[in-house]
Amino acid sequence: MRRWTLIAICLMLVFSCACTPSEIATLEAATSTPTTSPANTPTNTPTPTPSAEPTITPTATASPKPTVKQIDNPPMILKKERERLEAEANQRFDDFLSGTGAFTEERIKNEAFLADYNKETDLGCLCYVEDGSFGLIQGVILYYQKDNQGEIIAFGTKNKSKKRIITLIEYPSQSIVGNGEDLVFSIYQDRSDTPQQILQYFDRDSNYYSFLDSYIGNFTCVLMDTCLSTETSDYNQWPENIKKIYKEAIDPKVEANRALMTNINIIDNGYHDFFRNCPSVKEFYYSKSSYITTVENLDDFERMSKKNYSQLPCCETFEFFKLD
């Protein structure tokens with residue numbers, strides 16, 4: 001039995017303030033009317049009654065209203081965050097295709113996986129099992145998008161002409177977890193011939209997506225099956241749920257996987273050690289290149305992932321280096 005190896009941001013901002021107006025009290029002034037004596041009666045000068053002077057109550061001054069800082073509402077914040085992520089993705093696409101920024105040839109030589117048979121370092125197919133059932137293709141995860149079946153990966157690698165391309169690859173995470181299996185990835189400690197390997201296990205949850213996010217822009221290898229599961233020698237020993245995963249997600253994409261292999265750079269040396277050890281690789285190399293989906297920016301990615309979904313190759317798992 002083959003072993004399985006291998007963002008949402010919500011912000012709620014509430015601001016409220018209340019201001020109660022003050023009441024102003026007024027006082028009405030009161031006055032007295034003097035009384036006069038009758039005629040022939042000596043007039044007595046009345047003692048004037050002093051008028052009651054009103055007490056003036058000072059007008060209460062309302063406290064100044066606090067200045068309300070204008071802030072974006074949650075939909076606007078989410079829109080700006082999405083625009084930022086899209087701009088970063090497009091920059092990665094540009095940098096990868098032009099070999100600049102974080103994707104120089106020097107970085108590939110110094111940090112990428114070594115090919116199995118010749119210890120060359122490049123992007124493309126670096127390993128292929130002798131029975132012809134699957135190969136490992138090295139590249140870079142530049143972007144991914146979730147859908148109901150799993151994730152669609154913008155995968156940067158090289159074609160037969162050693163030209164950089166960005167192609168689309170599906171990872172069927174929903175079929176895997178939906179059939180009772182973990183998402184399992186191999187993490188290698190270094191580039192030595194016998195590196196320590198650890199396995200990381202995930203459900204299809206926030207921890208998985210945080211892990212995937214951490215490897216955007218870093219080297220990875222995808223395992224691509226190039227024959228039907230029923231054609232493998234140990235198929236009858238597989239558990240039923242593993243057979244179901246292949247039947248649902250991987251077997252329908254085998255032809256797309258083989259089309260990808262006919263387009264990919266084969267990492268060989270001048271002695272053709274890879275060809276001599278893996279006849280199937282030689283066959284792919286000399287086959288006529290079949291159609292594969294390629295993109296140059298995020299608009300291409302979104303359009304082609306919807307239009308050509310059934311033609312996208314599908315990987316079984318990923319292999320990564322341990323991040324510093």
Side-chain angles (χ1 to χ4, degrees), residues 1-13 74 77-89 91-93 96 102 111-113 134 136-156 168-191 195-225 239 241-242 244-246 248-250 253 298 301-302 305 309 312-324:
M1 179 185 73
R2 235 180 274 182
R3 199 166 189 181
W4 284 89
T5 56
L6 214 265
I7 334 199
I9 297 176
C10 295
L11 299 174
M12 298 290 294
L13 300 176
I77 292 174
L78 291 174
K79 180 182 177 183
K80 289 185 175 180
E81 178 65 10
R82 183 172 62 251
E83 290 173 348
R84 181 186 68 81
L85 294 174
E86 289 175 353
E88 291 178 354
Q91 188 62 57
R92 282 194 299 273
F93 283 30
F96 176 80
E111 298 182 23
F113 286 92
F134 67 89
L136 282 174
I137 299 175
Q138 178 160 233
V140 181
I141 296 176
L142 298 170
Y143 181 78
Y144 73 88
Q145 179 176 284
K146 293 183 282 187
D147 66 12
N148 293 335
Q149 289 76 29
E151 290 71 49
I152 299 175
I153 311 291
F155 188 71
L168 306 188
I169 294 176
E170 177 195 358
Y171 176 57
S173 60
Q174 184 55 45
S175 180
I176 295 170
V177 299
N179 284 290
E181 290 293 316
D182 291 326
L183 308 176
V184 188
F185 309 109
S186 294
I187 312 296
Y188 292 94
Q189 302 298 303
D190 54 56
R191 303 202 312 164
Q196 181 183 356
Q197 177 191 16
I198 60 174
L199 299 179
Q200 290 268 38
Y201 297 82
F202 295 97
D203 198 351
R204 197 183 184 212
D205 56 15
S206 59
N207 291 329
Y208 161 59
Y209 287 111
S210 294
F211 171 83
L212 205 56
D213 288 343
S214 70
Y215 278 95
I216 290 178
N218 288 289
F219 298 110
T220 182
C221 289
V222 291
L223 191 157
M224 308 298 295
D225 291 270
N241 65 326
I242 299 297
K244 188 175 179 182
I245 292 169
Y246 274 79
E248 286 179 355
I250 297 177
K253 298 297 188 77
L298 201 54
F301 175 92
E302 292 177 350
S305 62
Y309 185 84
L312 299 183
C314 181
C315 70
E316 179 182 318
T317 187
F318 300 93
E319 295 186 352
F320 301 99
F321 279 126
K322 181 181 178 181
L323 296 177
D324 295 332

Audit row: Tyr143, Glu88, side-chain hydrogen bond (donor to acceptor under 3.5 Å, both in side chains) steps and yes/no: CA-CA 10 Å; Tyr143 181 78; Glu88 291 178 354; over 6 Å; no
Verdict with reasoning, Arg84 to Glu81, per salt bridge (Lys or Arg N to Asp or Glu O under 4.0 Å): CA-CA 5 Å; Arg84 181 186 68 81; Glu81 178 65 10; 2.5 Å; yes
Results of side-chain contact (heavy atoms from CB on, under 4.5 Å) for Gln189 - residues two or more places apart only: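 With neighbours one apart ignored, the set is Gln196, Ile198, Lys322.
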Results of side-chain contact (heavy atoms from CB on, under 4.5 Å) for Asn148 - residues two or more places apart only: none
Can you name the residues that form a ring-ring contact (aromatic ring centres under 6.0 Å, His included) with [X], not counting sequence neighbours?
| X | value |
| --- | --- |
| Phe93 | none |
| Phe155 | none |
| Phe219 | none |

To the nearest 0.5 Å, what is the distance between [atom1] ([X]) and [atom2] ([Y])?
| X | Y | atom1 | atom2 | answer |
| --- | --- | --- | --- | --- |
| Ile137 | Leu223 | CD1 | CG | 9.5 Å |
| Tyr171 | Cys315 | OH | SG | 7.0 Å |
| Phe113 | Arg191 | CZ | CZ | 10.0 Å |
| Phe321 | Tyr188 | CZ | OH | 9.5 Å |
| Leu312 | Ile152 | CG | CD1 | 6.0 Å |
| Asn218 | Ile141 | CG | CD1 | 8.5 Å |

Could you pull out all residues at least two apart from [X] that satisfy side-chain hydrogen bond (donor to acceptor under 3.5 Å, both in side chains)?
| X | value |
| --- | --- |
| Asn241 | Glu181 |
| Ser173 | Glu151, Arg204 |
| Gln149 | Tyr309 |
| Glu302 | none |

Indicate the atoms forming the closest heavy-atom contact of [X] with [Y], along with that distance.
| X | Y | value |
| --- | --- | --- |
| Ile250 | Cys314 | CG1-SG, 4.3 Å |
| Phe301 | Leu168 | CD1-CD2, 3.3 Å |
| Gln197 | Ser186 | NE2-OG, 2.6 Å |

Those residues that, when tested against Glu86, pass salt bridge (Lys or Arg N to Asp or Glu O under 4.0 Å) (two or more places apart):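 Listed in chain order: nothing, the list is empty.
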Residues in salt bridge (Lys or Arg N to Asp or Glu O under 4.0 Å) contact with Glu111, at least two apart in sequence or another chain: Arg107
Mutual orientation of the aromatic rings belonging to Phe211 and Phe202 [parallel < 30°, tilted 30-60°, perpendicular > 60°]: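 Geometry flag for Phe202 against Phe211: tilted rings.
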Arg92 (side chain) donor-acceptor with Leu142 (main chain) under 3.5 angstrom: yes
